[in-house]
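I have placed the structure first, in the form of structure tokens, so that the comments after it can refer back to it.
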Amino acid sequence: MLRSIARQLHTISVDNGKPPLLVLASIGNPESSFRGTRHSIGHHILNRLKQIYQADEQLTIDKNKFYYNRREEPQVLFYQSNSLMNLSGKPISKAFKSVHKWTDEYNPVLVILHDELDCPVGKFKTRRQMSSHRGHNGLRSINQHMGGGFTTISIGIDRPESKSSNAVASYVLAKVPPHDLERIDRTIPSIQKTVEDMKLGKLIFDTNPNYKG
């Protein structure tokens, strides 16, 4: 227990006076088999943001592939987990730790893009560091590997009518209907505004008020 608490304290992002470097990471399932599914909507949003930010330059750190806009000061590194959702913790932890080793000029901060059942389609939420994973297996896996020191942008996909585990599994692994995808895409300007705020140090250093660290 004490080791777990110490690990979580170590991974909390704090304002250390250096400019923040956002590691904007999406979790989902591998695109080769699950492209366009609800559970992988974080990957879709990440790809759209990469286009907006013209992040077409690849940066490899310890075999972890990031993308950024080389024409601007590197304030955002885009990273897509290539694992299954339930195994997100290991690749996310390795990638984020590699950025910490790579730079002492910036203050790396992890922001996770993921799907959210408890949020309507066409909406999104931001959640502070040390927030509950709320049963989301991808966030649970990240917590297990590196603690809760990350901010999330939770993309609403809504819930199926049935609450059975089989119904929920089928729902999140199904393709996003075109009309839902249009509504989700309309949130992208607001998500970009949130990213811009984070680049200025807003939101990213906040912790859940219920956390007693």
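Treat the numbers as computed from the prediction; the structure is a model and nothing was measured.
Looking at residues two or more places apart in sequence or on another chain, you find no ring-ring contact (aromatic ring centres under 6.0 Å, His included) involving Phe34. By the side chain to side chain contact (heavy atoms under 4.5 Å, CB included) test, Leu181 pairs with Ile41, His44, Val176, Asp185, sequence neighbours left out. Every side chain to side chain contact (heavy atoms under 4.5 Å, CB included) that Asp104 has, sequence neighbours left out, goes to Lys18. Partners of Glu57 under the salt bridge (Lys or Arg N to Asp or Glu O under 4.0 Å) rule, at least two apart in sequence or in another chain, are Arg70. Listed by chain and number, the residues in a side-chain hydrogen bond (donor to acceptor under 3.5 Å, both in side chains) with Asn16 are Asn107 (sequence neighbours excluded). Residues that satisfy the ring-ring contact (aromatic ring centres under 6.0 Å, His included) test with Tyr68, not counting sequence neighbours, are absent from this structure. Every residue meeting the side chain to side chain contact (heavy atoms under 4.5 Å, CB included) condition with Arg128, not counting sequence neighbours, appears here in chain and number order: Ser131, Asp206, Pro209. Looking at residues two or more places apart in sequence or on another chain, you find a side chain to side chain contact (heavy atoms under 4.5 Å, CB included) between Pro91 and Tyr79, Ser81, Ser83. Not counting sequence neighbours, the partners of Ser98 by the side-chain hydrogen bond (donor to acceptor under 3.5 Å, both in side chains) test are Asn64.
Residues in residues 84-94 take part in no side chain to side chain donor-acceptor pair (under 3.5 Å) pair, two or more places apart or across chains. Listed by first then second residue, pairs satisfying ring pair (Phe, Tyr, Trp, His ring centres under 6.0 Å) with a partner in residues 80-113 read Phe96-His100, not counting sequence neighbours.
Salt bridge annotation for Glu196-Lys199: present, with a cationic side-chain nitrogen under 4.0 angstrom from a carboxylate oxygen.
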Under 3.5 Å, which donor-acceptor pairs link side chains of residues 112-124 to any protein atom two or more places apart or in another chain?
from   : atom 1 : to     : atom 2 : distance (Å)
His114 : NE2    : Ser154 : OG     : 2.8
Asp115 : OD1    : His39  : ND1    : 3.4
Asp115 : OD1    : His136 : NE2    : 2.9
Asp115 : OD2    : His39  : ND1    : 2.8
Glu116 : OE1    : Arg127 : NH1    : 3.3
Glu116 : OE1    : Arg134 : NH2    : 2.9
Glu116 : OE2    : Asp118 : N      : 3.0
Asp118 : OD1    : Arg159 : NE     : 2.8
Asp118 : OD1    : Arg159 : NH2    : 3.4

